[in-house]
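Following: one structure in structure tokens, then a few remarks.
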Amino acid sequence: MLGSEEKLSAGDLTIVPRQEAAGAALQLLWSGKSNDRQPGKILGPYFTKAIAHASSQSVPLELHFETLDYLNSSTITAIIQVIQDARGRGVKLVIVFDPNRRWQKLSFDALRVFVRDDGLVELRPTER
């Protein structure tokens with residue numbers, strides 16, 4: 001299980017989990033830069049735990065990128081894997097990004113191809 005104290009620090013990237021109350025979404029707050037060449041090696045096991053935690057509590061998993069400064073294309077590949085894994089477990093995944101940051105808008109708009117009528121994947125621009 002992913003505990004609220006189990007943050008991930010890998011190179012320039014930090015991901016802090018937050019769950020404000022029982023029954024609330026499990027939020028993963030990204031900050032720094034995701035510039036590892038093979039982020040899936042680090043992110044994969046972390047997201048496996050996060051998806052299992054969200055599934056066991058029947059809550060959505062939210063990935064918050066608003067304060068992230070940079071992510072490379074390898075990270076997009078890892079995020080696509082998270083989308084597929086969450087959908088496979090029936091866990092709702094919400095991706096929150098800052099549309100005022102051009103690179104975030106371009107990166108996350110490209111992921112709209114994974115949004116389907118099943119409601120399991122949502123892309124949400126932040127309201128800043």
Side-chain angles (χ1 to χ4, degrees):
M1 287 296 166
L2 185 72
S4 60
E5 70 287 344
E6 199 171 334
K7 85 175 184 179
L8 174 72
S9 293
D12 297 328
L13 175 66
T14 301
I15 301 176
V16 177
R18 179 175 71 188
Q19 192 168 16
E20 294 180 348
L26 173 59
Q27 300 175 336
L28 299 181
L29 311 175
W30 293 56
S31 62
K33 296 177 181 178
S34 183
N35 50 17
D36 192 289
R37 289 184 183 182
Q38 294 182 319
K41 288 184 177 181
I42 297 163
L43 296 177
Y46 189 77
F47 286 126
T48 297
K49 285 182 183 179
I51 292 167
H53 181 84
S55 178
S56 72
Q57 294 192 352
S58 300
V59 298
L61 177 61
E62 294 183 0
L63 306 182
H64 285 262
F65 294 94
E66 301 100 300
T67 61
L68 188 69
D69 294 321
Y70 172 81
L71 66 89
N72 61 16
S73 59
S74 298
T75 304
I76 292 289
T77 301
I79 293 168
I80 291 169
Q81 187 63 51
V82 173
I83 291 169
Q84 294 171 334
D85 292 349
R87 178 172 272 131
R89 295 279 310 260
V91 172
K92 180 175 174 90
L93 181 68
V94 180
I95 296 174
V96 184
F97 65 96
D98 184 351
N100 295 317
R101 291 181 169 201
R102 188 168 190 272
W103 72 267
Q104 283 197 17
K105 180 171 178 26
L106 292 172
S107 295
F108 294 110
D109 277 352
L111 293 179
R112 291 201 185 280
V113 298
F114 294 99
V115 176
R116 298 188 187 142
D117 291 338
D118 61 10
L120 288 175
V121 176
E122 179 184 344
L123 291 171
R124 183 187 310 156
T126 190
E127 299 167 5
R128 285 187 173 200

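The side-chain hydrogen bond (donor to acceptor under 3.5 Å, both in side chains) search around Lys33 returns none, not counting sequence neighbours. Under the side-chain hydrogen bond (donor to acceptor under 3.5 Å, both in side chains) criterion, Asp85 pairs with Gln81, sequence neighbours left out. For the side-chain hydrogen bond (donor to acceptor under 3.5 Å, both in side chains) test, residues two or more places apart in sequence or in another chain that qualify with Asp118 are Arg87.
Using a 4.5 Å heavy-atom cutoff, the side chains of Leu68 and Phe97 are not in contact. Considering only heavy atoms from C-beta on, Phe65 comes within 4.5 Å of Ile79 through its side chain. Residues Leu43 and Leu8 form a side-chain contact, since some pair of their non-hydrogen atoms from C-beta on lies under 4.5 Å apart. Side chains of Arg116 and Val121 form no contact here, defined as non-hydrogen atoms less than 4.5 Å apart. Proximity of Ile76 to Ser107: side-chain heavy atoms (C-beta onward) are separated by under 4.5 Å at one or more points. By the 4.5 Å heavy-atom criterion applied to side chains, Phe108 and Leu63 are not counted as neighbours. A 4.5 Å side-chain heavy-atom check between Gln27 and Val94 finds every atom pair outside the cut-off.
Panel note: side chain Gln57, backbone Gly23; no donor-acceptor pair is recorded below 3.5 Å. Side-chain atoms of Thr14 do not come within 3.5 Å of backbone N or O of Trp30 as any donor-acceptor pair. In this structure, Asn72 contributes its side chain and Asp36 its backbone to a donor-acceptor pair below 3.5 Å. The backbone N or O of Ile51 sits nowhere less than 3.5 Å from a side-chain atom of Ser55 that would complete a donor-acceptor pair.
Under the side chain to side chain contact (heavy atoms under 4.5 Å, CB included) test applied with Val91, the options Val82, Leu61, Leu26 reduce to a single match, Leu61.
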| query | Would Tyr46 and Leu28 count as a side-chain contact (heavy atoms from CB on, under 4.5 Å) if you check the C-alpha gap in whole Å, the side-chain angles of each, and the deciding distance to 0.1 Å? | reply | CA-CA 11 Å; Tyr46 189 77; Leu28 299 181; 4.1 Å; yes
*asked:* Let's go through Lys7 and Leu29 carefully: what are the C-alpha distance in whole Å and the side-chain angles of both, what is the deciding distance for side-chain contact (heavy atoms from CB on, under 4.5 Å) to 0.1 Å, and is it a yes or a no?
replied: CA-CA 9 Å; Lys7 85 175 184 179; Leu29 311 175; over 6 Å; no
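Note on Ile83: it clusters hydrophobically with Ile42, by side-chain heavy-atom contacts below 4.5 Å among ILVMFWY residues. When the side chains of ILVMFWY residues are joined at heavy-atom separations under 4.5 Å, either directly or via intervening members, Leu120 and Val113 end up in two distinct hydrophobic clusters. Cluster membership for Ile80 and Val115, using ILVMFWY side-chain heavy atoms within less than 4.5 angstrom, is shared. Residue Tyr70 is not grouped with residue Ile15 when hydrophobic side chains (ILVMFWY) are merged at heavy-atom distances under 4.5 angstrom, including chains of intermediate members.
Distance check, rounded to the nearest 0.5 Å: OG1 of Thr75 to CG of Leu13 gives 7.5 Å. Glu6 contributes atom CD, which lies 3.5 Å from atom NZ of Lys49 (distance to the nearest 0.5 angstrom). From Glu66, atom CD reaches atom CD of Gln104 across 7.5 Å, with rounding to the nearest 0.5 Å. Here the CD atom belonging to Glu122 is positioned 10.0 Å from the CD1 atom belonging to Ile95, to the nearest 0.5 angstrom.
Heavy-atom contacts from other residues, nucleotides or ligands closer than 6.0 Å to CZ of Arg37 number 12 or fewer.
Across Pro45 and Gly40, no two heavy atoms sit closer than the pair CD-O, 3.8 Å. Shortest non-hydrogen contact noted between Glu62 and Ala25 is OE2-CB, 3.6 Å.
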